[in-house]
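Data first, discussion second: the structure below is written as structure tokens.
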Amino acid sequence: MSEPVTMTYRDACRLALQEALQRDERVFLMGEDVGRYGGTYAVSKGLLAEFGENRIRDTPLSELGFTGAGIGAALGGLRPIVEIMTVNFSLLALDQVVNTAALYRHMSGGQFTVPLVIRMATGAGRQLAAQHSHSLENWYAHIPGITVLAPATIEDARGMLWPALEDPDPVVIFEHALLYNQQGVLPADFAGVDIRHARIRRPGRDVTVVTYGGSLWKCLEAATALASDGIECEVLDLRVLRPLDDETLLDSVRRTHRVVIVDEGWKTGSLAAEVSARIVEQAFFDLDAPVARVCSEEVPIPYAKHLEEAALPQPARIAAAVRGLLGREGS
Amino acid sequence: MQDFKLPSLGADMDEGTLLEWKVKAGDVVKKGDVLAVVDTTKAAIDVESWVEGIVHELVAQPGETVPVGAVLARLRASGEEVAGPSAAAAGAPREGVVSPGVEGPIAGPVSGEPAPVVVPRQPPTTPPAEPSVAPVAPPAMTRRPVSPVARRRAAELGLNAEGLAGTGPQGAVTLDDVERAAAGAAATVAAPRSAPTERARLSHAAAPAGVASAAPRDRGAEMRKTIGAAMARAKREIPHYYLAEPIPLAAATAWLAGWNAQRPITERVLLAALLLKAIARAARKYPEVNGYYRDGHFEPASAVHVGVAISIRGGGLIAPAIHDCDGRPLDDLMRALADLVQRARAGSLRSSELSDATITVTNLGEQSVAEVYGVIYPPQVALVGFGRVADEVVADSGSIRVVPVIHASLSADHRVSDGHRGALFLAHVRALLQNPAELAEETT
């Protein structure tokens, strides 16, 4: 690539699929409406025409069934990409993911691995109501044996799929539904990304704001607003939800001494809770304030627009949490 | 019920670290009994009780660093009703040891600042004296919120984080607050009269043992800091004036030689004891040099407790007192002096010895200097210095004689006395040393 390209997150996801399908003939995509319809979020639009029915496969409405088929294909030597429409629906496939995909290496004493990639949409903000809007990334991040990714940027959407396919074990990729229309620039020198490390998206000295996925942009918006008051946030994008990159996280915390964790999941039992615990376990004596969390209200995500907005982490709430840690609630 | 508080063991002490309890709940204590060993920046000190009673509960734990005035333990009078569950559990006196004639609560002379905030700073390094004692319910504390990193940084800087104003969430003391306080510490030193909280900022907290990165405690450096703080305060606040007088010692040295010739080596008396006696007698006669200047006025002392400046091996200085110097026979004074020097260097001084000197004497004769003009140890008002004893040519009744002479000096507080009275004091010291036999026996 020689020129920086402006594209949407959706375009980046599609380019990643296209590249994978072109580079490795073992790669194929399957899921509900990925073929003729072009994907519920139009990510796979045009791929059926380019790669044909064998490699772009529409499936019945049976997450358990086609996820299991993906596992079988992976065991058989292919490199399947299974798309699940939303994380809510993926619960139907949890048995295959948790009891099969994540365990085969262990149960077979290393004789079998499952090089399966599962993509799914997650998150709220598009008035799709409770059954299509939840953030359950932490359910997957709880499971040993799988890698869990949350691309939040154009680069990660474009770059994470290929190393995920190269991973000999299952990888789950969460694409936040609110990001598909987001535009960004893929730099001219883009050379891929890793799927091991967190990244600092904005450096700052006062507070580390830890987040991932769709919340990244809200955090960056809050950081911009706070900067005008002289508060410099360091925004850390976890990117990899399992295994968590403690080193990058703790390094930042040890510099800023304050942490706000922003997680669209519910607070109870959340990834935010896990991140908080790791910080307290490993960097307690570096903290200058209690760890703060901004999470979704503990309700089913509402359909009504104003209620949905109120239920989710928003820049204003994030900024208020940051000010609170600095003893500047009133400012 | 009365509180056993950490006394101030000198103007340069803001806090101490409890090293060891010498008593446990239920013990009967008399006035003067050693209850605890407390580490100041200078030495480990045996802290005595000012009152009698029964140990009700031990509030501070070994290893804790607490400010002067903090409650270390609570004592109750015998027969006093024991109220509350913790008292019932821990305070039951041992059978048969309740002394019947004990008076009710006696007001302790130590009126420290009301700072009962006791915060554990490090895990106990010494186990409680009697682990089998029924556990004492922890006293209700309002713990000052201090962020973990602020606490660690404060320990590194030798600051007392609890004494700082907090600007963090819930009023917590933050890293910035500590750094600001450290930056402002120099300015605070220069303030003419520092408030208790300000002084607390300057205190030198022991580094928590559990924090690996905390700087190890450097007693030499800390002692230098505390001496510096006290001496800076003296030079800042006390308008010193200085007088000097050569004192012929022909009579004194001859008399001492005769005295010592009749005694075994262990009972021999040094010139230093005779000098102490002379100072004490003269201070009795001229009370302007004996006492404290506090809160804008002079408080003459009723007794003469002479502080003796003793250099500590490995550096530093401590000036514990010999009590009632003026009334002691010379041999008794000598024993007290030898004992004091030995215990000072061994680090087993008692709290009363450190807190109540009314005048200080420094003797640098051993170092062969001719004269010393000392700095007064606040809140005292005078310091007497002695140089070496050396033969000097003296004009005496129209002829020339060679006699042993010592140069005495007086540093005194001009707020309390003038040079005229100071001169009379020094002249009296000289006169007393010309009649050593009389001086040695004088006891009233």
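Remember, it's a predicted structure, so these values are computed and weren't measured experimentally. Chain letters run A, B, ... following the sequence lines, proteins first and then strands; every chain starts at 1.
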> Going from OG1 on B/Thr174 to CG on A/Leu325, what distance comes out if it is rounded to the nearest 0.5 angstrom?
Replying inline: 11.5 Å
> Could you give the distance from CG (B/Asp176) to NE2 (A/His257), rounded to the nearest 0.5 Å?
Replying inline: 9.0 Å
> Should the heavy atoms of other residues, nucleotides or ligands under 6.0 Å from CH2 of A/Trp266 be counted, would the total exceed 12?
Replying inline: yes
> B/Ala150 versus chain A, heavy atoms under 4.5 Å apart: side chain, backbone, both or neither?
Replying inline: both
> Which distance, rounded to the nearest 0.5 Å, do you find between the CG of A/Leu287 and the CZ of B/Arg151?
Replying inline: 13.0 Å
>> I'd like to know whether CD of B/Gln170 has more than 12 heavy-atom contacts from other residues, nucleotides or ligands below 6.0 angstrom.
In response: no
>> Nearest 0.5 angstrom please: B/Ser147 OG to A/Phe285 CZ, how far?
In response: 11.5 Å
> Can you tell if the side chain of A/Arg254 reaches within under 4.5 Å of the side chain of B/Val149, non-hydrogen atoms only?
Replying inline: no
>> Could you measure the distance from the CZ atom of B/Arg153 to the CG atom of A/Asp286? Nearest 0.5 Å is fine.
In response: 12.5 Å
> Considering all heavy atoms of both residues, which atom of B/Pro169 and which atom of A/Ala289 are nearest to each other, and what is their separation?
Replying inline: CG-CB, 3.9 Å
